[in-house]
Peer 1: 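Can you read through this structure? Questions will come right after.
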Amino acid sequence: MLSSCDCATAANSVLFLRRIGTVALLFILASLSWFVLYKAGETIGFKIPDSLTSHAPRVFFFIPPTAPFPPPSDTQENKFEKVLKDAAMEDKTVILTTLNEAWAAPSSVIDLFLESFRIGNHTRELLNHLVIIALDEKAFSRCLVVHTHCYALVSEGVDFSKEAYFMTHDYLKMMWTRINFLKGVLEMGYNFVFTDADVMWFRDPFPHFYKDADFQIACDHFLGNPEDVENRPNGGFLFVRSNNRSIEFYKFWYTSRETYPNLHDQDVLNNIKYDSFIIDIDLKMRFLDTTYFGGFCEPSKDLNVVCTMHANCCFGLESKLHDLRVVLQDWKNFLSLPPMLKRSLPPSWRVPQNCSLDSLHLYAPPLENVIQENVEQ
(Lines give C-alpha, C1' and ligand atoms only; values in the text may rest on other atoms or scores of the structure.)
Protein backbone atom coordinates (compact mmCIF):
# COMPACT_ATOMS: atom_id res chain seq x y z
CA MET A 1 0.00 0.00 0.00
CA LEU A 2 1.38 3.42 -1.05
CA SER A 3 2.00 6.13 1.48
CA SER A 4 0.52 9.56 1.10
CA CYS A 5 3.96 10.81 0.07
CA ASP A 6 4.27 8.22 -2.68
CA CYS A 7 0.81 9.11 -3.98
CA ALA A 8 1.69 12.78 -4.16
CA THR A 9 4.91 12.02 -6.01
CA ALA A 10 3.08 9.89 -8.59
CA ALA A 11 0.46 12.57 -9.09
CA ASN A 12 3.15 15.20 -9.68
CA SER A 13 4.89 12.92 -12.21
CA VAL A 14 1.69 12.46 -14.20
CA LEU A 15 1.04 16.20 -14.14
CA PHE A 16 4.60 16.88 -15.33
CA LEU A 17 4.29 14.44 -18.21
CA ARG A 18 1.00 15.99 -19.26
CA ARG A 19 2.58 19.44 -19.29
CA ILE A 20 5.52 18.15 -21.33
CA GLY A 21 3.09 16.58 -23.78
CA THR A 22 1.05 19.77 -24.04
CA VAL A 23 4.16 21.87 -24.71
CA ALA A 24 5.36 19.40 -27.34
CA LEU A 25 1.97 19.41 -29.05
CA LEU A 26 1.88 23.21 -29.06
CA PHE A 27 5.41 23.27 -30.50
CA ILE A 28 4.46 20.92 -33.34
CA LEU A 29 1.25 22.84 -34.08
CA ALA A 30 3.14 26.14 -34.16
CA SER A 31 5.74 24.68 -36.50
CA LEU A 32 3.07 23.24 -38.79
CA SER A 33 1.21 26.56 -38.85
CA TRP A 34 4.42 28.38 -39.77
CA PHE A 35 5.14 25.92 -42.56
CA VAL A 36 1.62 26.22 -43.99
CA LEU A 37 1.78 30.02 -43.79
CA TYR A 38 5.18 30.04 -45.48
CA LYS A 39 4.09 27.79 -48.38
CA ALA A 40 0.83 29.70 -48.82
CA GLY A 41 2.80 32.91 -49.03
CA GLU A 42 4.96 31.43 -51.79
CA THR A 43 1.88 30.27 -53.70
CA ILE A 44 0.33 33.73 -53.90
CA GLY A 45 3.63 35.45 -54.59
CA PHE A 46 4.22 36.79 -51.04
CA LYS A 47 7.60 36.01 -49.50
CA ILE A 48 8.02 36.02 -45.70
CA PRO A 49 11.08 38.10 -44.73
CA ASP A 50 14.29 36.18 -44.06
CA SER A 51 14.61 37.96 -40.72
CA LEU A 52 11.54 36.06 -39.56
CA THR A 53 12.21 32.73 -41.20
CA SER A 54 15.70 32.58 -39.69
CA HIS A 55 14.15 32.39 -36.20
CA ALA A 56 11.30 30.08 -37.08
CA PRO A 57 11.32 26.57 -35.63
CA ARG A 58 12.75 24.13 -38.14
CA VAL A 59 10.77 20.95 -38.55
CA PHE A 60 11.19 18.41 -41.34
CA PHE A 61 8.05 16.90 -42.86
CA PHE A 62 7.59 13.90 -45.11
CA ILE A 63 5.70 14.89 -48.25
CA PRO A 64 3.73 11.88 -49.50
CA PRO A 65 4.17 10.86 -53.16
CA THR A 66 0.57 11.86 -53.88
CA ALA A 67 1.27 15.54 -53.18
CA PRO A 68 0.37 17.68 -56.25
CA PHE A 69 3.21 18.72 -58.58
CA PRO A 70 3.37 22.11 -60.35
CA PRO A 71 1.08 22.17 -63.41
CA PRO A 72 2.81 21.08 -66.65
CA SER A 73 3.98 23.79 -69.04
CA ASP A 74 1.69 24.72 -71.93
CA THR A 75 1.93 22.57 -75.02
CA GLN A 76 3.04 24.15 -78.29
CA GLU A 77 -0.54 24.10 -79.53
CA ASN A 78 -1.75 25.95 -76.44
CA LYS A 79 0.99 28.53 -76.86
CA PHE A 80 0.03 29.06 -80.48
CA GLU A 81 -3.64 29.26 -79.54
CA LYS A 82 -2.78 32.09 -77.14
CA VAL A 83 -0.82 33.96 -79.82
CA LEU A 84 -3.72 33.63 -82.25
CA LYS A 85 -6.27 34.70 -79.63
CA ASP A 86 -4.24 37.79 -78.73
CA ALA A 87 -3.93 38.82 -82.39
CA ALA A 88 -7.35 37.85 -83.74
CA MET A 89 -10.04 40.24 -84.90
CA GLU A 90 -13.53 39.93 -83.46
CA ASP A 91 -14.50 37.36 -86.11
CA LYS A 92 -11.39 35.24 -85.34
CA THR A 93 -9.46 36.43 -88.41
CA VAL A 94 -5.67 36.73 -88.23
CA ILE A 95 -2.99 37.84 -90.66
CA LEU A 96 -0.12 35.35 -90.94
CA THR A 97 3.32 35.44 -92.48
CA THR A 98 6.37 33.20 -92.21
CA LEU A 99 9.92 34.32 -91.59
CA ASN A 100 13.34 32.69 -91.68
CA GLU A 101 16.80 33.99 -90.85
CA ALA A 102 17.55 35.00 -94.45
CA TRP A 103 14.59 37.42 -94.51
CA ALA A 104 14.85 38.49 -90.85
CA ALA A 105 18.13 40.40 -90.85
CA PRO A 106 18.02 44.18 -90.26
CA SER A 107 17.19 46.08 -93.48
CA SER A 108 16.02 42.85 -95.07
CA VAL A 109 12.57 41.76 -96.22
CA ILE A 110 10.81 41.83 -92.84
CA ASP A 111 11.71 45.48 -92.24
CA LEU A 112 10.34 46.50 -95.63
CA PHE A 113 7.21 44.43 -95.01
CA LEU A 114 6.49 46.13 -91.67
CA GLU A 115 7.31 49.56 -93.10
CA SER A 116 4.66 49.10 -95.80
CA PHE A 117 2.01 48.60 -93.09
CA ARG A 118 3.15 51.73 -91.29
CA ILE A 119 3.02 54.00 -94.34
CA GLY A 120 -0.07 52.49 -96.03
CA ASN A 121 -3.60 53.85 -95.95
CA HIS A 122 -5.41 52.37 -92.92
CA THR A 123 -2.94 49.50 -92.66
CA ARG A 124 -0.98 50.42 -89.53
CA GLU A 125 -3.74 49.14 -87.25
CA LEU A 126 -3.68 45.81 -89.08
CA LEU A 127 -0.30 45.13 -87.47
CA ASN A 128 -2.24 44.41 -84.28
CA HIS A 129 -3.62 41.31 -86.03
CA LEU A 130 -0.39 40.13 -87.68
CA VAL A 131 1.30 36.96 -86.42
CA ILE A 132 4.83 36.26 -87.61
CA ILE A 133 5.63 32.54 -87.75
CA ALA A 134 9.39 32.18 -87.27
CA LEU A 135 10.94 29.10 -88.87
CA ASP A 136 14.22 29.20 -86.96
CA GLU A 137 15.72 30.57 -83.76
CA LYS A 138 17.32 33.70 -85.22
CA ALA A 139 14.12 34.65 -87.03
CA PHE A 140 12.20 34.26 -83.77
CA SER A 141 14.69 36.42 -81.86
CA ARG A 142 14.47 39.11 -84.52
CA CYS A 143 10.66 38.94 -84.51
CA LEU A 144 10.59 39.62 -80.77
CA VAL A 145 12.53 42.83 -81.43
CA VAL A 146 10.36 44.21 -84.24
CA HIS A 147 6.86 42.87 -83.58
CA THR A 148 4.37 41.90 -80.88
CA HIS A 149 2.84 38.60 -82.01
CA CYS A 150 5.52 35.99 -82.73
CA TYR A 151 5.48 32.21 -82.76
CA ALA A 152 8.36 29.76 -83.24
CA LEU A 153 7.55 26.86 -85.56
CA VAL A 154 10.36 24.33 -85.35
CA SER A 155 10.54 21.37 -87.72
CA GLU A 156 12.84 18.56 -86.62
CA GLY A 157 15.64 17.71 -89.01
CA VAL A 158 14.95 20.66 -91.31
CA ASP A 159 16.96 23.87 -91.54
CA PHE A 160 14.78 26.69 -92.84
CA SER A 161 17.17 29.45 -91.77
CA LYS A 162 18.90 30.05 -95.12
CA GLU A 163 17.50 31.31 -98.38
CA ALA A 164 15.59 28.45 -99.97
CA TYR A 165 16.32 28.52 -103.70
CA PHE A 166 13.40 27.96 -106.01
CA MET A 167 12.40 24.28 -106.48
CA THR A 168 15.23 22.85 -104.34
CA HIS A 169 14.37 20.21 -101.74
CA ASP A 170 14.46 22.80 -98.92
CA TYR A 171 12.16 25.10 -100.89
CA LEU A 172 9.59 22.35 -101.48
CA LYS A 173 9.80 21.24 -97.84
CA MET A 174 9.19 24.80 -96.68
CA MET A 175 6.19 25.27 -98.97
CA TRP A 176 4.50 22.03 -97.91
CA THR A 177 5.22 22.68 -94.24
CA ARG A 178 3.37 25.94 -94.71
CA ILE A 179 0.32 24.27 -96.29
CA ASN A 180 0.09 21.73 -93.48
CA PHE A 181 0.49 24.45 -90.87
CA LEU A 182 -2.27 26.59 -92.39
CA LYS A 183 -4.56 23.56 -92.39
CA GLY A 184 -4.02 23.41 -88.65
CA VAL A 185 -4.97 27.06 -88.25
CA LEU A 186 -8.28 26.39 -90.00
CA GLU A 187 -8.89 23.37 -87.79
CA MET A 188 -8.44 25.62 -84.75
CA GLY A 189 -11.35 27.74 -86.02
CA TYR A 190 -9.43 30.79 -87.25
CA ASN A 191 -9.85 32.54 -90.60
CA PHE A 192 -6.60 33.84 -92.00
CA VAL A 193 -5.03 36.09 -94.54
CA PHE A 194 -1.73 34.51 -95.43
CA THR A 195 0.81 36.89 -96.90
CA ASP A 196 4.39 36.32 -97.93
CA ALA A 197 6.69 38.85 -96.27
CA ASP A 198 7.67 40.16 -99.73
CA VAL A 199 4.11 41.45 -100.21
CA MET A 200 3.88 45.17 -99.55
CA TRP A 201 0.60 46.30 -97.93
CA PHE A 202 -0.57 49.77 -99.05
CA ARG A 203 -4.33 49.66 -98.37
CA ASP A 204 -6.72 47.62 -96.26
CA PRO A 205 -7.57 44.63 -98.49
CA PHE A 206 -10.64 43.43 -96.60
CA PRO A 207 -13.17 45.60 -98.51
CA HIS A 208 -12.05 43.87 -101.72
CA PHE A 209 -12.48 40.29 -100.52
CA TYR A 210 -15.49 38.32 -101.73
CA LYS A 211 -17.99 37.86 -98.90
CA ASP A 212 -19.26 34.47 -100.14
CA ALA A 213 -15.88 32.85 -100.84
CA ASP A 214 -14.28 30.11 -98.74
CA PHE A 215 -10.90 30.38 -100.45
CA GLN A 216 -9.64 33.37 -102.41
CA ILE A 217 -6.16 33.81 -103.77
CA ALA A 218 -4.03 36.39 -105.60
CA CYS A 219 -2.83 35.76 -109.15
CA ASP A 220 0.33 35.90 -111.18
CA HIS A 221 -1.98 36.51 -114.12
CA PHE A 222 -5.65 37.50 -113.84
CA LEU A 223 -7.99 36.93 -116.79
CA GLY A 224 -10.81 39.22 -115.65
CA ASN A 225 -13.26 36.71 -114.14
CA PRO A 226 -12.77 35.86 -110.43
CA GLU A 227 -14.44 32.45 -110.90
CA ASP A 228 -12.37 31.39 -113.92
CA VAL A 229 -10.13 28.46 -112.93
CA GLU A 230 -7.83 29.35 -115.84
CA ASN A 231 -6.51 32.24 -113.72
CA ARG A 232 -2.91 31.64 -112.55
CA PRO A 233 -2.98 31.73 -108.73
CA ASN A 234 -0.11 32.67 -106.44
CA GLY A 235 -0.02 31.18 -102.94
CA GLY A 236 1.86 34.17 -101.53
CA PHE A 237 -1.38 36.01 -100.73
CA LEU A 238 -4.74 34.46 -99.91
CA PHE A 239 -7.73 34.76 -97.61
CA VAL A 240 -9.38 31.60 -96.25
CA ARG A 241 -12.42 31.27 -94.01
CA SER A 242 -12.46 28.42 -91.51
CA ASN A 243 -15.23 25.92 -92.22
CA ASN A 244 -15.61 22.26 -93.14
CA ARG A 245 -15.16 23.01 -96.85
CA SER A 246 -11.89 24.88 -96.48
CA ILE A 247 -10.48 22.32 -94.03
CA GLU A 248 -11.27 19.44 -96.39
CA PHE A 249 -9.76 21.40 -99.25
CA TYR A 250 -6.48 21.97 -97.39
CA LYS A 251 -6.32 18.27 -96.50
CA PHE A 252 -6.82 17.45 -100.17
CA TRP A 253 -4.22 20.02 -101.24
CA TYR A 254 -1.63 18.68 -98.79
CA THR A 255 -2.12 15.01 -99.67
CA SER A 256 -1.98 15.88 -103.38
CA ARG A 257 1.75 16.47 -103.02
CA GLU A 258 2.04 12.68 -103.27
CA THR A 259 -0.01 12.60 -106.46
CA TYR A 260 2.20 15.29 -108.01
CA PRO A 261 5.70 14.64 -106.61
CA ASN A 262 8.46 17.24 -107.06
CA LEU A 263 5.94 20.05 -107.61
CA HIS A 264 5.55 22.96 -105.25
CA ASP A 265 2.24 23.88 -103.67
CA GLN A 266 1.31 26.45 -106.30
CA ASP A 267 1.76 24.07 -109.24
CA VAL A 268 -0.18 21.38 -107.38
CA LEU A 269 -2.98 23.90 -106.84
CA ASN A 270 -3.00 24.60 -110.56
CA ASN A 271 -3.68 20.90 -111.10
CA ILE A 272 -6.24 20.23 -108.39
CA LYS A 273 -8.32 23.37 -109.03
CA TYR A 274 -9.95 21.41 -111.88
CA ASP A 275 -10.64 18.35 -109.74
CA SER A 276 -14.23 17.24 -109.18
CA PHE A 277 -13.45 17.08 -105.45
CA ILE A 278 -13.71 20.88 -105.38
CA ILE A 279 -17.26 20.66 -106.70
CA ASP A 280 -18.13 17.73 -104.42
CA ILE A 281 -17.31 19.68 -101.25
CA ASP A 282 -18.92 22.83 -102.68
CA LEU A 283 -15.83 24.96 -102.09
CA LYS A 284 -16.32 28.55 -103.26
CA MET A 285 -12.96 29.51 -104.79
CA ARG A 286 -12.30 33.02 -106.09
CA PHE A 287 -9.29 34.62 -107.78
CA LEU A 288 -8.29 38.14 -106.78
CA ASP A 289 -7.98 40.92 -109.35
CA THR A 290 -4.43 42.20 -109.93
CA THR A 291 -5.92 45.71 -110.10
CA TYR A 292 -6.02 45.55 -106.31
CA PHE A 293 -3.62 42.68 -105.59
CA GLY A 294 -0.76 43.12 -108.01
CA GLY A 295 2.77 41.83 -108.31
CA PHE A 296 5.88 42.05 -110.41
CA CYS A 297 4.38 39.42 -112.77
CA GLU A 298 1.41 41.69 -113.44
CA PRO A 299 1.66 45.07 -111.64
CA SER A 300 -1.52 46.89 -110.67
CA LYS A 301 -1.92 49.92 -112.91
CA ASP A 302 -3.66 52.37 -110.57
CA LEU A 303 -1.96 53.46 -107.35
CA ASN A 304 -5.25 55.06 -106.30
CA VAL A 305 -6.77 51.65 -105.63
CA VAL A 306 -3.87 49.20 -105.18
CA CYS A 307 -3.91 47.23 -101.92
CA THR A 308 -0.87 44.96 -102.16
CA MET A 309 2.22 44.55 -104.32
CA HIS A 310 4.00 41.19 -104.39
CA ALA A 311 7.63 40.64 -105.39
CA ASN A 312 6.68 37.56 -107.42
CA CYS A 313 8.41 36.57 -110.66
CA CYS A 314 11.63 37.34 -108.82
CA PHE A 315 14.51 35.11 -107.83
CA GLY A 316 17.36 35.98 -105.53
CA LEU A 317 17.23 37.93 -102.30
CA GLU A 318 19.31 40.87 -103.49
CA SER A 319 17.16 41.41 -106.58
CA LYS A 320 14.03 41.20 -104.45
CA LEU A 321 15.33 43.70 -101.89
CA HIS A 322 16.36 46.15 -104.58
CA ASP A 323 12.98 46.17 -106.29
CA LEU A 324 10.99 46.22 -103.04
CA ARG A 325 12.85 49.36 -101.97
CA VAL A 326 11.92 50.90 -105.32
CA VAL A 327 8.27 49.94 -104.70
CA LEU A 328 8.25 51.60 -101.30
CA GLN A 329 9.80 54.76 -102.73
CA ASP A 330 7.23 54.81 -105.57
CA TRP A 331 4.48 54.64 -102.99
CA LYS A 332 5.99 57.45 -100.92
CA ASN A 333 6.29 59.57 -104.06
CA PHE A 334 2.64 58.91 -104.83
CA LEU A 335 1.55 59.90 -101.32
CA SER A 336 3.40 63.22 -101.65
CA LEU A 337 1.46 64.24 -104.79
CA PRO A 338 -1.41 66.74 -104.60
CA PRO A 339 -4.83 65.02 -104.73
CA MET A 340 -5.55 66.35 -108.23
CA LEU A 341 -2.35 64.85 -109.66
CA LYS A 342 -3.03 61.53 -107.95
CA ARG A 343 -6.32 61.27 -109.80
CA SER A 344 -5.44 62.79 -113.16
CA LEU A 345 -1.91 61.54 -113.72
CA PRO A 346 -1.18 58.62 -111.40
CA PRO A 347 2.43 57.49 -111.66
CA SER A 348 3.27 53.95 -112.66
CA TRP A 349 5.55 51.52 -110.89
CA ARG A 350 9.23 51.54 -111.82
CA VAL A 351 9.47 47.81 -111.23
CA PRO A 352 10.37 45.16 -112.05
CA GLN A 353 13.99 46.18 -112.53
CA ASN A 354 16.36 43.55 -111.14
CA CYS A 355 13.49 41.09 -110.78
CA SER A 356 12.42 39.05 -113.77
CA LEU A 357 11.94 35.47 -114.83
CA ASP A 358 15.18 35.82 -116.77
CA SER A 359 17.05 36.04 -113.45
CA LEU A 360 16.16 32.44 -112.56
CA HIS A 361 19.40 31.01 -113.92
CA LEU A 362 21.45 33.38 -111.75
CA TYR A 363 20.04 32.09 -108.47
CA ALA A 364 18.78 28.57 -108.98
CA PRO A 365 20.69 25.44 -109.98
CA PRO A 366 19.97 23.85 -113.38
CA LEU A 367 16.57 22.16 -113.53
CA GLU A 368 18.08 18.70 -114.02
CA ASN A 369 20.05 19.12 -110.78
CA VAL A 370 16.91 20.11 -108.90
CA ILE A 371 15.03 17.06 -110.19
CA GLN A 372 17.93 14.75 -109.27
CA GLU A 373 18.18 16.25 -105.77
CA ASN A 374 14.46 15.76 -105.15
CA VAL A 375 14.60 12.16 -106.42
CA GLU A 376 17.49 11.40 -104.04
CA GLN A 377 15.57 12.94 -101.12
Peer 1: Hey, would you say the Phe181 and Phe80 ring centroids sit under 6.0 Å apart?
Peer 2: yes
Peer 1: Side chain to side chain contact (heavy atoms under 4.5 Å, CB included) with Ala139: which residues, sequence neighbours excluded?
Peer 2: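 Leu99, Ala104, Ala134, Asp136.
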Peer 1: Assess whether a salt bridge exists between Asp267 and Arg257, defined as any Lys/Arg side-chain N lying under 4.0 Å from an Asp/Glu carboxylate O.
Peer 2: no
Peer 1: Relative to the ring of Phe249, is the ring of Trp253 parallel (under 30°), tilted (30 to 60°) or perpendicular (over 60°)?
Peer 2: tilted
Peer 1: Evaluate whether atom CG of Asn244 has more than 12 neighbouring non-hydrogen atoms of other residues, nucleotides or ligands under 6.0 angstrom away.
Peer 2: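 Open.
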Peer 1: Tell me whether Glu137 at atom CD has more than 12 heavy atoms from other residues, nucleotides or ligands lying less than 6.0 Å away.
Peer 2: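 Atom CD in Glu137 is not packed in, count stays at 12 or less.
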Peer 1: Examine distances only and state if a side-chain atom of His147 and a backbone atom of Leu130 form a donor-acceptor pair shorter than 3.5 Å.
Peer 2: yes
Peer 1: With sequence neighbours left out, what residues match Glu298 under side chain to side chain contact (heavy atoms under 4.5 Å, CB included)?
Peer 2: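 Glu298 satisfies side chain to side chain contact (heavy atoms under 4.5 Å, CB included) with His221, Phe222, Thr290 once adjacent residues are dropped.
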Peer 1: Among residues at least two apart in sequence or on other chains, which ones pass ring-ring contact (aromatic ring centres under 6.0 Å, His included) with Phe293?
Peer 2: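 Here the qualifying residues are Phe209, Phe237.
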Peer 1: Would you call Lys284 and Asp212 a salt bridge, taking side-chain N to carboxylate O under 4.0 Å as the test?
Peer 2: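 Salt bridge between Lys284 and Asp212, a charged N being under 4.0 Å from a carboxylate O: no.
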Peer 1: Filter on salt bridge (Lys or Arg N to Asp or Glu O under 4.0 Å), then keep only pairs touching residues 225-242, sequence neighbours left out; what's left?
Peer 2: Glu227-Arg286
Peer 1: Is any NZ, NE, NH1 or NH2 atom of the basic residue among Arg245 and Asp282 found under 4.0 Å from an Asp or Glu carboxylate oxygen of the other?
Peer 2: no
Peer 1: Are Phe117 and Phe113, when compared by the centres of their aromatic rings, separated by less than 6.0 Å?
Peer 2: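 Distance test on ring centres: under 6.0 Å, yes.
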Peer 1: Under a 3.5 Å distance rule, please check whether Asp323 uses its side chain to pair with a backbone N or O of Ala311 as donor and acceptor.
Peer 2: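 Not confirmed, Asp323 side chain does not pair with Ala311 backbone.
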Peer 1: Please name all residues satisfying side chain to side chain contact (heavy atoms under 4.5 Å, CB included) with Thr93, sequence neighbours left out, ordered by chain then number.
Peer 2: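 So Thr93 forms a side chain to side chain contact (heavy atoms under 4.5 Å, CB included) with Met89, Asp91, Asn191, Phe206, Phe239.
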Peer 1: State which residues pass side chain to side chain contact (heavy atoms under 4.5 Å, CB included) with Ser116; sequence neighbours excluded, sorted by chain then number.
Peer 2: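 By the side chain to side chain contact (heavy atoms under 4.5 Å, CB included) rule, Ser116 matches Met200, Trp201, Phe202, Leu328.
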Peer 1: Is the backbone N or O of Gly235 less than 3.5 Å from a side-chain atom of Gln266, with the two atoms forming a donor-acceptor pair by type?
Peer 2: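 Checking the backbone N and O of Gly235 against the side chain of Gln266, a donor-acceptor pair under 3.5 Å is found.
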Peer 1: Go through the steps for Cys355 and Cys313 under the test disulfide bond (SG atoms under 2.5 Å apart), then give the verdict.
Peer 2: CA-CA 7 Å; Cys355 288; Cys313 293; over 6 Å; no
Peer 1: Taking only Lys NZ, Arg NE, NH1 and NH2, and the carboxylate oxygens of Asp or Glu, determine whether Lys183 and Glu248 approach each other closer than 4.0 Å.
Peer 2: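 No, no charged N to carboxylate O under 4.0 Å.
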